[in-house]
Each structure stands twice: as structure tokens, then as C-alpha cells.
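Quick note on labels: first sequence line is chain A, next is B, and so on, each numbered from 1.
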Protein chains: 2
Amino acid sequence: MEQESRLAGMQRPGGRTARVREAVLAATQDELVERGFHGLAMDQVAARAGVGKTTVYRRWGSPAGLVADLMTELAEQSSPHADTGSAEADLRANAASVLGAVTDRRLGATFQAVIAAATCEEEAAAALRAFYGRRVAEWARSVERAVERGELPEGTDAAEVVRAVSAPLYYRLLVTKEPVDEDVAARSALQALAAARAGAFVRPAPAVASSAERGRSTSVRVQNVTTADQGSEMRG
Amino acid sequence: MEQESRLAGMQRPGGRTARVREAVLAATQDELVERGFHGLAMDQVAARAGVGKTTVYRRWGSPAGLVADLMTELAEQSSPHADTGSAEADLRANAASVLGAVTDRRLGATFQAVIAAATCEEEAAAALRAFYGRRVAEWARSVERAVERGELPEGTDAAEVVRAVSAPLYYRLLVTKEPVDEDVAARSALQALAAARAGAFVRPAPAVASSAERGRSTSVRVQNVTTADQGSEMRG
DNA sequence: CGCCAAACGGGACTCCTGTTCCATTAGCGC
DNA sequence: GCGCTAATGGAACAGGAGTCCCGTTTGGCG
């Protein structure tokens with residue numbers, strides 16, 4: 001993409017260019033709140049931002065490009081993540097955080113838009129991945145600490161637990177379109193926690209690695225999907 | 001919607017009309033596989049189906065309409081759902097089924113498209129909801145039977161368990177764009193199972209109901225979102 | 001302070017999507 | 001078979017998104 005190079009290493013980042021970018025991104029967010037992603041028109045954004053249509057096309061190329069840049073902007077802002085000393089409280093806070101993001105009028109519209117854009121534009125998809133990669137890594141630390149404290153089984157895949165907290169929320173938001181509220185968020189956190197405690201997030205021993213800890217944990221193995229009830233797994 | 005009435009109660013459903021519909025939907029799927037939803041052009045579909053552009057516009061109105069009709073068609077085809085007598089095997093089969101749907105070249109493209117369409121068109125969103133409502137209800141029966149057998153705690157929300165199986169898969173597919181394979185599917189099923197066994201899907205006692213069974217579970221209750229910042233997360 | 005390249009802005013132009021009009025075809029009931 | 005009408009098909013038309021061209025502005029730099 002030619003736009004990217006301009007976005008990243010701008011050769012004249014001083015005054016005007018920065019001002020234009022700021023104005024355009026702000027206008028984009030306003031438009032997203034009012035009309036949603038499918039109603040995002042480059043002309044409108046340009047007009048609202050008070051810049052030329054040509055400029056918007058030149059620098060962002062498409063609605064998806066606008067939205068991707070917006071997401072990149074958001075990704076750069078670090079968010080506070082809880083570390084309360086209790087896995088339950090941390091995961092609840094995580095769920096609440098996701099809830100806040102998708103519920104907030106402005107942020108929610110942006111997320112919806114990015115996800116919509118990501119379904120058809122690789123650029124937006126990459127921005128989304130980058131954002132979540134960062135957030136998941138941040139929150140994973142609190143899960144790791146819970147493992148260190150012995151609250152969760154040894155070998156638990158922290159990032160997986162974090163993802164498991166938000167997965168049901170996004171599932172509702174995107175697939176079933178059910179409302180997402182505090183109740184759902186809290187339950188989601190607790191479900192992830194329960195599964196984690198039961199050892200469902202313990203990484204399968206990679207080939208011939210240390211299978212020593214396994215005896216200690218609740219012994220969850222991933223085997224062939226096919227047949228019925230091997231019975232053994234998952235029991236503590 | 002005016003199209004809907006035509007799709008639903010067609011006044012002359014015989015021969016030609018049905019043929020046209022079939023041809024158009026087939027062409028739509030082909031186009032989706034080749035170009036994806038954002039590349040779905042009404043003209044192309046019409047040409048490929050060997051029908052007039054006008055007809056396609058008249059009966060489906062938009063790419064989203066095409067995709068929604070396709071989804072409705074798929075929803076009407078009942079899928080076999082396992083009932084092996086073991087919750088684990090059933091949930092694994094469920095996960096495998098979802099995996100199959102999103103992995104299959106043709107079906108997968110269709111699902112991606114419907115989801116993309118659902119992000120901007122209520123019609124497609126409704127078709128998607130209807131589809132999943134049906135599928136979830138079908139699979140929920142096997143979970144209910146597991147509850148009856150005593151494999152899972154009394155009061156477990158069967159539909160929730162089923163949703164929990166597919167949620168991580170869709171999360172990967174849509175949000176993080178990670179690959180989804182048998183391994184992920186199997187883990188997803190086991191995680192849901194673990195949480196269900198731990199009682200994380202037991203419905204919160206509605207007012208003054210039986211909270212007796214709760215002692216048996218690992219004491220996971222839905223409480224107030226206790227500690228930490230639930231306010232301004234995701235912010236800078 | 002003044003040069004110069006980078007960035008911006010406006011307007012005309014193109015192409016493609018979606019609509020409208022009307023002639024034609026083909027189910028369906030008799 | 002036969003007519004009636006729903007449904008289809010083709011072609012012309014309109015509107016809007018995206019591109020191009022070129023003149024204007026702006027900020028970095030000597």
C-alpha cells in the first residue's frame with residue numbers, strides 16, 4: 001500500500017499535516033457514530049473535517065483505511081489493566097473493560113466499524129489484530145501472576161484465558177447480535193475462570209517436553225476429536 | 001422490505017421463478033468464494049446466473065439481500081447433531097461441526113459473507129440470528145440430556161454451553177483472524193465442558209429459586225463486579 | 001527573509017452501481 | 001390449448017464514488 005508509507009513516515013509531519021490528520025480522524029469517528037461503517041463516505045468525512053476530498057483519498061484511500069488508522073491510533077493509547085491480586089477480580093475487570101469498549105457510544109461505533117472493515121480489508125484486519133494482540137498481552141500478565149500464586153494450574157495459557165473472557169462477548173456482539181451487558185460480561189469472566197481452574201487452558205505438552213507437571217494439574221489432553229467418551233479427561 | 005414479501009410468499013413459485021432463484025443463489029455462492037462479500041456485484045451475479053440484472057435487483061435488492069437469502073436457505077437444511085450419550089463427545093462433535101462449516105471452502109465463504117453483511121444490514125443480521133438460534137437449540141438438547149444424566153450440574157443453561165463452544169472459534173475467525181483447526185475446536189469444546197462441570201453455566205437463581213445444588217459446584221456465583229476500575233478502561 | 005518541495009484544494013471527468021420503462025416470456029387456471 | 005397476469009429481460013438513464021490535473025498553500029531550511 002502506498003498510503004501506509006505516508007501514514008507511517010510522513011516527510012513533513014509538522015503543523016498542517018498533523019492538523020489535517022487529527023481533523024479527519026475526528027470527523028471519521030463522528031460519522032461512524034452517526035451513520036455506521038457502511039454509511040461512511042469519503043466526501044462526507046472530508047467535508048466534515050474541512051479538508052479537500054482529494055486529500056482524504058490520497059492519504060487513506062478508502063473508508064477501511066480511515067477506520068484502520070483510527071484503530072491504530074487507539075492501539076497506541078495504552079489502557080490500564082487491573083492487577084488486584086485475585087484472578088476473579090482481574091478477569092471481571094477485564095470483561096468489564098471489554099464491555100466498556102463495545103458499549104461506549106463512540107468507541108463502540110469505532111470497534112464495530114473496524115470489525116466490519118476487517119471482514120473485507122486486510123489493512124483493517126491487521127490493525128485489529130495488532131490492537132488485540134497488545135491488549136491480550138497486557139491482561140495476560142495478571143493471569144500469569146495468578147498462576148504464580150497457585151490460583152490457577154501450572155502451565156495455564158494466560159493469553160488463552162484472556163481471550164476466553166472476551167470471546168463470548170464478541171460472539172454475542174457479532175454473530176448473535178444479542179445485547180451485551182454487565183451480567184453477560186461477569187458470567188463470561190466466571191466461565192473462563194472456572195475452565196481455567198479446571199485446567200482446561202493448560203497447554204498440551206509440546207511433543208516430548210516436560211510432562212512432569214501434568215500429574216499435578218487437572219490433566220486436560222487434546223486428543224482425537226472423533227470418537228466418543230474417552231471418559232478419562234477433564235476429571236479432577 | 002418489499003423484497004421479503006416476494007421471497008416469502010411468492011405468488012407464482014412454479015418452474016421459472018424457482019429456477020431463477022436457484023441459479024442466482026448458486027451464482028452468489030460462486031462469487032463469494034472467488035471474490036468475497038465486498039467483491040459481490042449484482043451485475044456479476046446476474047450474468048453468472050444467466051438472468052437479467054433487473055431481476056436480481058428486483059428480488060434481492062442488494063448484495064446483503066442475496067447473502068441473507070442464502071443463509072435462510074442454509075438454515076432450512078437441518079444438520080445432523082450428535083447425541084452420543086456423553087457430553088464430551090457431543091460437545092466435541094459440535095465444535096467439529098462448527099469447524100467444518102467455517103473451514104469448508106464454500107460454506108466458509110458464505111458464513112464470512114453473511115457476517116460481513118450482518119455488520120451493516122439488519123436483514124442479513126436477522127438471517128444470521130435465525131440460523132444460529134436454530135442450530136444452538138438443536139445442539140442444546142444433547143447438553144440437556146447430559147444434565148438429566150447428572151453429567152452436568154442441575155440448572156445448567158444448555159444453550160449457553162453450546163454458544164460457549166463456538167464463541168472462541170468465531171472470535172478467532174472474526175476478531176483475531178487466527179487459523180482455526182481441529183486442535184482449537186477440540187480445546188474449545190473441552191473448555192466449555194470444564195466450565196459447565198464447574199457450574200459456571202448454572203443460571204443465576206431467579207429471585208427465590210432452588211439454590212440448593214449450588215453447593216455441589218465449585219462455588220462460582222455471579223456477584224457484583226467487585227473491585228477495580230470498571231469505569232474508564234480502554235482509554236489512554 | 002525567501003526558496004522549494006511537499007502537501008493540500010477545487011473542479012472536471014470517468015466509470016460503475018442501481019433505477020426506470022416497457023416489451024416479452026412463461027406459469028397457472030380454465 | 002388459450003388467455004391472463006406475474007415475472008423476467010434489455011436498454012436507456014441518473015447519481016455518486018473515485019480519479020486526475022493543475023494551481024495554491026505551507027512549513028522546513030539555509
TODO: Taking the side chain as every heavy atom from C-beta outward, state whether A:Leu74 and A:Thr110 have any atom pair closer than 4.5 Å.
DONE: yes

Open item on the list: Any side-chain N or O of B:Arg19 below 4.0 angstrom from OP1/OP2 of C:dG27?
Closed with: yes

TODO: Verify, without hydrogens or angle tests, whether A:Thr55 (side chain) and A:Val51 (backbone) share a donor-acceptor contact under 3.5 angstrom.
DONE: no

Open item on the list: Among residues at least two apart in sequence or on other chains, which ones pass side-chain contact (heavy atoms from CB on, under 4.5 Å) with A:Thr119?
Closed with: B:Ala116

TODO: Report the distance from atom CD of B:Gln44 to atom P of C:dG18, rounded to the nearest whole Å.
DONE: 12 Å

Task: Ionic contact status for A:Arg141 with A:Glu144, cut-off 4.0 Å - done: no

Open item on the list: I need the CD-C1' distance between B:Glu31 and C:dT17, as an integer number of Å.
Closed with: 15 Å

Open item on the list: Is the distance between the ring centroids of B:Tyr132 and B:Tyr170 under 6.0 Å?
Closed with: yes

Task: By side-chain contact (heavy atoms from CB on, under 4.5 Å) - contacts of A:Leu99 (at least two apart) - done: A:Thr103, A:Val180, A:Glu182, A:Ala185

- [ ] Compare side-chain N and O positions of B:Thr17 against OP1 and OP2 of D:dA7 and report whether any pair is under 4.0 Å apart.
- [x] no

- [ ] Measure the distance from CE on A:Met42 to P on C:dG10 and round it to the nearest whole Å.
- [x] 16 Å

Open item on the list: Taking the side chain as everything from C-beta on, heavy atoms only, tell me whether A:Arg21 gets closer than 4.5 Å to A:Arg16.
Closed with: no

TODO: With the side chain counted from C-beta on, respond yes when A:Glu122 and B:Lys177 share a heavy-atom pair under 4.5 Å apart, and no when they do not.
DONE: no

Open item on the list: In whole Å, I'd like the distance from the CH2 atom of B:Trp60 to the P atom of C:dT17.
Closed with: 18 Å

Open item on the list: Would the distance check show the side chain of B:Thr84 and the main-chain N or O of B:Ala89 forming a donor-acceptor pair, the cut-off being under 3.5 Å?
Closed with: no

Between the protein and nucleotides 1-3 of chain C, list the N/O to N/O atom pairs that are separated by less than 3.5 angstrom.
none

Open item on the list: Please report the interatomic distance CZ(B:Phe111) to CE(B:Met71), rounded to the nearest 0.5 Å.
Closed with: 4.5 Å

Dump every N/O contact between nucleotides 20-25 of chain C and the protein below 3.5 Å, one line per pair.
from, atom 1, to, atom 2, distance (Å)
C:dT25, O2, B:Arg16, NH2, 3.2

Which atom pairs link the protein and nucleotides 14-17 of chain D when you take only N or O atoms and keep those under 3.5 Å?
from, atom 1, to, atom 2, distance (Å)
D:dA17, OP2, A:Asp43, OD2, 3.3

Open item on the list: As a test of reading the structure: which of D:dT8, D:dG9, C:dC8 is closest to the side chain of B:Arg59, going by heavy atoms?
Closed with: D:dT8

TODO: Output every pair passing salt bridge (Lys or Arg N to Asp or Glu O under 4.0 Å) with a member in residues 105-115 of chain B, not counting sequence neighbours, ordered by first then second residue.
DONE: B:Asp30-B:Arg106

